[in-house]
S.K.: 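The structure is given below, and queries will be raised subsequently.
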Number of protein chains: 2
Amino acid sequence: MDTQAPEGISLAVSTVIFALRPHPVTGLSTLWLPLVRRTRDPFAGKWALPGGWVTPDESLSDAAARNLLETTALEPTYLEQLYAFGDVDRSPDARVVSVVYWALVRAEEAERAAEGDNVGWFPADELPELAFDHNAIVDYALWRLRTKMEYSRIALAFLGETFTLSELREVHEAVLQKPLDPANFRRQVEGTLVPTDHVVTGGRHRPPRLYRYDESIELVHNGPLAHA
Amino acid sequence: MDTQAPEGISLAVSTVIFALRPHPVTGLSTLWLPLVRRTRDPFAGKWALPGGWVTPDESLSDAAARNLLETTALEPTYLEQLYAFGDVDRSPDARVVSVVYWALVRAEEAERAAEGDNVGWFPADELPELAFDHNAIVDYALWRLRTKMEYSRIALAFLGETFTLSELREVHEAVLQKPLDPANFRRQVEGTLVPTDHVVTGGRHRPPRLYRYDESIELVHNGPLAHA
DNA sequence: GAAATAGTGTCTTTGAGACAATATATG
DNA sequence: CATATATTGTCTCAAAGACACTATTTC
């Protein structure tokens with residue numbers, strides 16, 4: 001390995017941010033993500049993933065978190081590296097390697113997100129044609145989220161401090177796009193949660209118990225990579 | 001996202017290469033990996049993962065494959081991106097982001113690998129202190145390999161065109177470091193393999209059948225990322 | 001035939017999933 | 001009490017694992 005690194009490659013970070021919102025047609029809870037409208041070429045006018053350059057004094061995950069805050073004003077509850085995309089021709093007239101992260105934000109957090117001319121929210125499965133290779137990147141992020149939902153406790157990142165089992169189940173149903181049996185779902189997750197002394201009254205039915213997540217069990221198992 | 005990317009960050013690729021060889025003490029098949037001795041500072045004299053800079057005209061995976069061939073003369077049967085490491089202080093006096101790949105090579109291929117003053121093979125679980133954050137990187141690669149071995153057919157990348165079920169089982173045992181029941185193992189993999197008409201004679205026991213891997217089933221499920 | 005591994009059969013346990021039944025709130 | 005969801009109970013099925021048993025080669 002030579003001492004001199006060749007010039008000519010720019011390093012960027014982008015983030016695929018997921019939040020749950022009601023679908024405009026069906027009303028069911030579904031995955032949405034915020035996109036940023038590009039103001040310059042290439043792909044001026046097109047929607048793209050929020051992102052930016054990495055500065056020399058910040059780590060990759062710091063750069064992702066900073067960009068995310070600057071462009072969408074969002075602070076995610078979960079942030080994980082997705083993949084480094086580095087095909088030669090993925091950006092016209094430039095060589096850009098993008099380290100892409102994916103993030104989950106709570107519904108409340110997503111509410112107060114900046115939405116203006118330059119930021120828009122879209123259902124994750126009904127995206128327009130995006131700039132660069134960003135459609136493919138979102139597809140991969142969706143696959144990772146759905147895969148991980150089946151074997152980890154990542155769903156909790158969409159919820160607040162306490163929640164009912166119905167709320168947790170609805171998160172799973174929204175992400176996996178299929179109904180889950182309430183009885184069986186309960187048994188699968190019950191051991192990983194801590195029941196509180198509170199229930200939610202007000203519905204015209206038996207009030208559900210509130211649960212808290214067990215901090216002694218980590219959300220995801222990323223092996224020796226404890227951080228992000 | 002600004003038009004100008006800040007300078008000052010170098011982009012490198014490194015690869016964690018795994019091969020199976022007999023353990024020098026126990027004689028059992030175990031994981032080994034080739035390391036390169038550094039000839040310059042920082043960490044001159046230390047062992048490090050093979051790697052180098054990414055040039056503007058090659059993709060990340062191309063860069064990984066090229067570097068691997070140049071430094072160790074190896075051509076892997078499997079190559080997958082592991083993670084992008086980008087902490088600010090991971091390289092002294094420089095800012096280097098490394099996109100790390102991991103690779104599997106067959107025993108025969110590993111045989112003819114360059115081994116000299118600058119390349120050495122080590123048992124994966126008994127490494128010396130490496131340059132940079134490479135010990136942590138190897139730990140993560142080992143975790144990924146072992147995790148993936150349990151739910152994919154990645155073990156086949158260690159073997160040739162045809163193989164016996166014992167050979168396949170030995171690969172699993174070597175990587176997972178635990179004995180597996182031959183009868184149960186057979187049932188788990190049988191459906192994903194194609195039996196040939198040949199058996200291996202010569203041992204002082206019933207000759208085992210040779211199998212071929214079923215090309216219609218992909219080695220690993222990486223979702224929308226078909227390539228590497 | 002003895003030894004050694006290949007390969008088959010079977011039993012137990014575990015977890016997922018389908019679905020019935022009971023519990024407890026509101027209106 | 002009707003309704004709606006919460007919660008519990010039970011049955012079936014499939015996969016994993018332990019382990020006994022049979023098969024076929026070489027020496």
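Every chain is numbered from 1, with letters handed out A, B, ... down the list of sequences. Please read all numbers here as calculations on a predicted model, not as lab measurements.
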S.K.: Run the salt-bridge test on A:Arg106 and A:Glu111 with the 4.0 Å N-O cut-off and return the result as yes or no.
M.R.: no
S.K.: Within this structure, what is the CZ-to-P distance between A:Arg187 and C:dA18, rounded to whole angstrom?
M.R.: 12 Å
S.K.: When the nearest nucleotide of DNA chain D is assigned to A:His205 and to A:Arg186 on a heavy-atom basis, which residue is associated with the more 5' position?
M.R.: A:His205
S.K.: Contact class for B:Ser166 vs. all strands (heavy atom < 4.0 Å): base, sugar-phosphate, or nothing?
M.R.: sugar-phosphate
S.K.: How many Å lie between CG on B:Asp181 and P on C:dG7, as a whole number?
M.R.: 14 Å
S.K.: Rounded to whole angstrom units, what separation is found between the CD atom of B:Glu170 and the C1' atom of C:dA6?
M.R.: 13 Å
S.K.: Take atom CD of B:Glu190 and atom C1' of C:dG9, then tell me their distance rounded to the nearest Å.
M.R.: 13 Å
S.K.: Answer yes if the side chains of A:Thr164 and A:Arg209 hold a donor-acceptor pair under 3.5 Å, and no otherwise.
M.R.: no
S.K.: Could you tell me if A:His23 and A:Glu126 have a donor-acceptor pair between their side chains, going purely by distance under 3.5 Å?
M.R.: yes
S.K.: Indicate, with yes or no, if the rings of B:Tyr213 and B:Tyr211 have centres closer together than 6.0 Å.
M.R.: no
S.K.: Within this structure, what is the CG-to-C1' distance between B:Leu165 and C:dA4, rounded to whole angstrom?
M.R.: 17 Å
S.K.: Is B:Arg209 touching bases, backbone alone, or none of the nucleic acid, heavy atoms closer than 4.0 Å?
M.R.: sugar-phosphate
S.K.: On DNA chain C, nearest-nucleotide positions of B:Val199 versus A:Lys178: which is more 5'?
M.R.: B:Val199
S.K.: Nearest-nucleotide wise, let me know which of B:Asn184 and B:Arg169 is further upstream toward the 5' end of DNA chain C.
M.R.: B:Arg169
S.K.: Could you give the CZ-to-C1' distance, from B:Arg204 to C:dG1, as a whole number of Å?
M.R.: 12 Å
S.K.: From CG of A:Leu210 over to P of D:dA6, roughly how many Å is that when rounded to an integer?
M.R.: 12 Å
S.K.: To the nearest Å, how far apart are A:Arg206 CZ and D:dC1 P?
M.R.: 19 Å
